[in-house]
Amino acid sequence: MEFKVKDGQIIYYRDLGKGFPIVFLHGNNLSGNYFGKQGILYRDYRLIDSRNHGRSSRQSAKMTFEQMAADLEEILQFLNIKKALFVGHSDGANLAMVYASRFPDRIAGLLLNAGNMTFKGLTRRSRFLVYIQYYCLKALSPFSSKMDIMAQITELMLHDLPLDRERLHQASYPVWVVMGQRDVISISHSRDISDLFPIHKLYVERRQGHRLAQRKYKVFNQMIRELVRISRKEVVA
């Protein structure tokens, strides 16, 4: 389905369920298709392609986490979703944190997979690769609108997240941070993210990399089910 946000951009989303809402947020240069292994959770499924990603508009000159959080809020208002569990992978986890710091009343719980608050949260090798990718795309952007958009998307990884940390410190919802032992995010940084929230758990999956939702989907899906159970109780209470 398509939804036009206030600045005219078209945001693609899929609303596949009527149960307790789960909002899935994909990573950098991906789309909602990343969460294909979570299809078994279809009763409670909302997938959203961020602007300039997937089937959403690819003509935005404004590509920031603040703008994507505003897009998300417009869609949730349209769908009449008052509270939801947010499941974010990589930049999707970053978007979930930015959204939570701006719209805390919408959050019933967070599952943050491999997010990073700062560029330094990436491993040294990953930072080098991101720099190379960004400057190559930037050099090509005058000759290709596609390269320009990809440069904007990559640039998201170069900046610290605009978080209201004090608001996150006061959060009353459960937050689970999960990463792979061989992730592009450092374990110490994931621990820092977890410590932003008063009710938190940190999981490090051994011998795993960045894409847990695909590679360890049974474990990942069970985490979602457990967080739905906890979040539903918190909302009712």
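Please read all numbers here as calculations on a predicted model, not as lab measurements.
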What is the minimum heavy-atom distance between [X] and [Y], and which atoms define it?
X      : Y      : value
Ala213 : Gln38  : O-NE2, 3.0 Å
Ala100 : Arg167 : O-CD, 4.3 Å
Ile185 : Ala114 : CG1-O, 3.7 Å
Ala93  : Gly115 : CB-CA, 3.8 Å
Arg102 : Glu66  : NH2-CG, 3.4 Å
Ser90  : Gly27  : CB-CA, 4.1 Å

Could you check whether any side-chain N or O of Ser231 sits under 3.5 Å from a backbone N or O of Val228, counting only pairs where one atom can act as donor and the other as acceptor? no

Please answer whether the main-chain N or O of Arg207 pairs with a side-chain N or O of Gln181 as donor and acceptor at a distance below 3.5 Å. yes

Walk me through whether Asn113 and Phe220 qualify under side chain to side chain contact (heavy atoms under 4.5 Å, CB included). CA-CA 9 Å; Asn113 172 215; Phe220 197 79; 4.0 Å; yes

Rounded distance [0.5 Å steps], [atom1] in [X] versus [atom2] in [Y]:
X      : Y      : atom1 : atom2 : result
Asp195 : Arg165 : CG    : CZ    : 11.0 Å
Glu155 : Met157 : CD    : CE    : 10.5 Å
Ile187 : Ser194 : CD1   : OG    : 13.0 Å
Lys83  : Arg232 : NZ    : CZ    : 14.5 Å
Gln214 : Lys216 : CD    : NZ    : 14.5 Å
Tyr203 : Ser190 : OH    : OG    : 14.0 Å

Taking C-beta and beyond as the side chain, do [X] and [Y] meet within less than 4.5 Å on heavy atoms?
X      : Y      : result
Gln133 : Met150 : no
Asp160 : Met117 : no
Ile230 : Trp176 : yes
Leu212 : Val219 : no
Phe103 : Leu72  : no
Val98  : Leu163 : yes
Phe197 : Leu110 : yes
Tyr173 : Leu85  : no

Is [X] linked to [Y] within one hydrophobic cluster, defined over Ile, Leu, Val, Met, Phe, Trp and Tyr using a side-chain heavy-atom separation of less than 4.5 Å?
X      : Y      : value
Tyr131 : Leu122 : yes
Val5   : Leu25  : yes
Phe119 : Met179 : no
Ile81  : Ile107 : yes
Ile11  : Leu76  : yes

Hey, mind stepping through Phe86 and Leu95 against side chain to side chain contact (heavy atoms under 4.5 Å, CB included) and telling me if it holds? CA-CA 10 Å; Phe86 290 77; Leu95 173 56; over 6 Å; no

Once the angle between the rings of Phe24 and Phe35 is folded into 0 to 90°, is it parallel (under 30°), tilted (30 to 60°) or perpendicular (over 60°)? tilted

Do the rings of Tyr13 and Phe78 sit parallel, tilted or perpendicular, given the 30° and 60° boundaries? perpendicular

Taking Asp183 as the fixed residue, which of Arg211, His189, His210 is the one that meets the side-chain hydrogen bond (donor to acceptor under 3.5 Å, both in side chains) rule? His210

Take a 6.0 Å sphere around CZ of Arg215 and say whether it holds more than 12 heavy atoms from other residues, nucleotides or ligands. no

For Val175, run the side-chain contact (heavy atoms from CB on, under 4.5 Å) check against Leu196, Leu112, Leu227, Ile199 and tell me which one passes. Leu112

Apply side chain to side chain contact (heavy atoms under 4.5 Å, CB included) to the pair Asp91 and Met68, showing each step before the final yes or no. CA-CA 11 Å; Asp91 264 6; Met68 289 190 289; over 6 Å; no

Working for side chain to side chain contact (heavy atoms under 4.5 Å, CB included), residues His89 and His26: CA-CA 5 Å; His89 164 70; His26 60 78; over 6 Å; no

Side-chain donor-acceptor pair present, Gln222, Glu226, cut-off under 3.5 Å: no

Would you call Arg106 and Glu73 a salt bridge, using N to O less than 4.0 angstrom? yes

